Number of protein chains: 2
Amino acid sequence: MKQDLRVIKTQESIRQALLILLKTKPLDSISVAELCRLAKINRGTFYSHYKDVHGVFKHYVEVIVSDFKKAYEQPYYRTGFRIQHIRPEMIKIFDHVKRYKKFYQIIFDEKIPLMYYNLLFDTVRTFMMESIQENHLKTDSEIQIEYLTSYQANAILGLLIEWYRRDFETPTEEMNEQLIMILSMSSSFRNQTSIS
Amino acid sequence: MKQDLRVIKTQESIRQALLILLKTKPLDSISVAELCRLAKINRGTFYSHYKDVHGVFKHYVEVIVSDFKKAYEQPYYRTGFRIQHIRPEMIKIFDHVKRYKKFYQIIFDEKIPLMYYNLLFDTVRTFMMESIQENHLKTDSEIQIEYLTSYQANAILGLLIEWYRRDFETPTEEMNEQLIMILSMSSSFRNQTSIS
DNA sequence: AATTTTATTGTACACGTGTATAGTATCTTT
DNA sequence: AAAGATACTATACACGTGTACAATAAAATT
């Protein structure tokens, strides 16, 4: 059996309505009722497709995240550089975020649920995991990779948080440089700070 | 002029009601109406004190965060160790989180707004800042301290996220060890991973 | 103790939420 | 093209939200 045309039509009009509303008001102020009025959809119908407004927004976030994954998984980036040097895969993250700036401004908004942040976290963390496994890196056997990758992935997100707070005004090139410099800081510094 | 007794009474009964409700249901399912019924407070009165249920919860979070800050600021921990070694200040974070486990389980819940996470982030980040300044560490002048500390602070929170996801079952002692091992990993490894 | 100040209550209103159900319209299948 | 399946609509209900305002109660001030 094929996908019902009615379903496609209503879902698309709901999604479109969200995009339109997002241009004039923040996500957390958009109600299901308003969305349905604009989409010319009965409110009861809405609930047979989405749980709430976040359910609709999540669709777009998933599209963006999968775009991020796709870019990262291009073979060129995975094989073309020697592992002795900092490879540029991660660098792509800043370009990606800048490209979808409007969405990331929503995701990092303090009124928005952690759910989207978690999605980001899991995505970046998976990259870390794969990178370690592909290069057959063996870490100190005492270190649990789950904790190591969580540490590393969230560190990157820390840069994004700061970037967001500065309204993404720092150029992506400088973000790349900052990341590389932080990564190449000597371990002696890390021991000195006691914290980092 | 002194603080009106009526105000104190109503605020305390609202806060108490929240604690009671939190024992049986998640924060995001607690309505202002329910809170007011239990607190025996008129709903209109509620809104002259708090904006919403989160406003009430935030009070507790602020108490907890200030407790965290206080513990960190005890002079003993700031002077008693040589900076050449990893100092144990940050180690306190795991004990602290474990102590207030119930609250952190709420804060890290995916349905809860980023606001509380940001509060945590800012707190830890301030520690990083102070630590760098107190020790008169000069980083590479090209590195912006704001990005460095955001990176470092959020990395720690990454460990907390993973810990939370495992329902805080990893013993605090092991969390301490994991952190120390991650921090003392050689920079050569970091260059190899390309990501971390 | 009397007066003044103000926090709280009770009530109302327009709106949003989530769910349910019967009737209608639209799609798919044969 | 007709039959069958099902998505959509219209409507209703109980509940929650945020705001407003006059009446009341309980504080602080004199």
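A, B, ... follow the sequence lines: proteins, then strands. Residue 1 opens every chain. Owing to the predicted nature of the structure, the values given are computational and were not obtained by experimental measurement.
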J.: Is the distance between the ring centroids of B:Tyr50 and B:Phe46 under 6.0 Å?
T.: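 Between B:Phe46 and B:Tyr50, the centre distance is under 6.0 Å.
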
J.: Take the protein atom CG of A:Leu5 and the nucleotide atom P of D:dT6, then report the distance between them rounded to whole Å.
T.: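 After rounding, the gap between these two atoms is 15 Å.
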
J.: Indicate yes or no: at least one non-hydrogen side-chain atom of A:Arg125 is less than 4.5 angstrom from one of B:Glu162.
T.: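 With C-beta onward as the side chain, the pair touches.
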
J.: Between D:dG18 atom P and B:Tyr50 atom OH, what is the distance in whole Å?
T.: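 It is 16 Å, rounded to the nearest whole Å.
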
J.: Is the base of D:dA27 touched by the side chain of B:Arg6 through a donor-acceptor pair closer than 3.5 angstrom?
T.: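 It does not, because no donor-acceptor pair links the side chain of B:Arg6 to the base of D:dA27 below 3.5 Å.
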
J.: For A:Phe68 and A:His96, take the angle between the two ring planes, folded into 0 to 90°, and tell me which bin it lands in: parallel under 30, tilted 30 to 60, perpendicular over 60.
T.: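 Answer is parallel, since the angle falls under 30°.
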
J.: Here's a test for you: under ring pair (Phe, Tyr, Trp, His ring centres under 6.0 Å), which of B:Phe103, B:Tyr100, B:Tyr116, B:Tyr164 qualifies with B:Phe108?
T.: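 Going through B:Phe103, B:Tyr100, B:Tyr116, B:Tyr164 one by one, the ring pair (Phe, Tyr, Trp, His ring centres under 6.0 Å) with B:Phe108 is satisfied by B:Tyr164 alone.
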
J.: What is the distance from CG of B:Asp4 to C1' of C:dT4, rounded to the nearest Å?
T.: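 Value for this atom pair: 13 Å.
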
J.: Measure centre to centre between the rings of B:Trp163 and B:Phe94, then say whether the value is under 6.0 Å.
T.: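 Yes - the distance between ring centres of B:Trp163 and B:Phe94 falls below the 6.0 Å cut-off.
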
J.: Does anything in residues 23-49 of chain A come within less than 4.0 Å of DNA chain C? Heavy atoms only, and list the residues if so.
T.: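 Heavy-atom cutoff 4.0 Å gives A:Ser31, A:Val32, A:Ala33, A:Arg37, A:Arg43, A:Tyr47.
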
J.: Please state how far atom CD1 in B:Ile8 lies from atom P in C:dA7, giving the value in whole angstrom units.
T.: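 Going from B:Ile8 (CD1) to C:dA7 (P), I get 12 Å.
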
J.: Are B:Ile20 and B:Val56 joined in one hydrophobic group, where the rule is that I, L, V, M, F, W and Y side chains link up if heavy atoms are under 4.5 Å apart?
T.: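 Shared cluster, yes.
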
J.: Does B:Thr10 have a side-chain nitrogen or oxygen under 4.0 Å from the phosphate oxygens OP1 or OP2 of C:dT8?
T.: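 Answer is yes, contact under 4.0 Å.
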
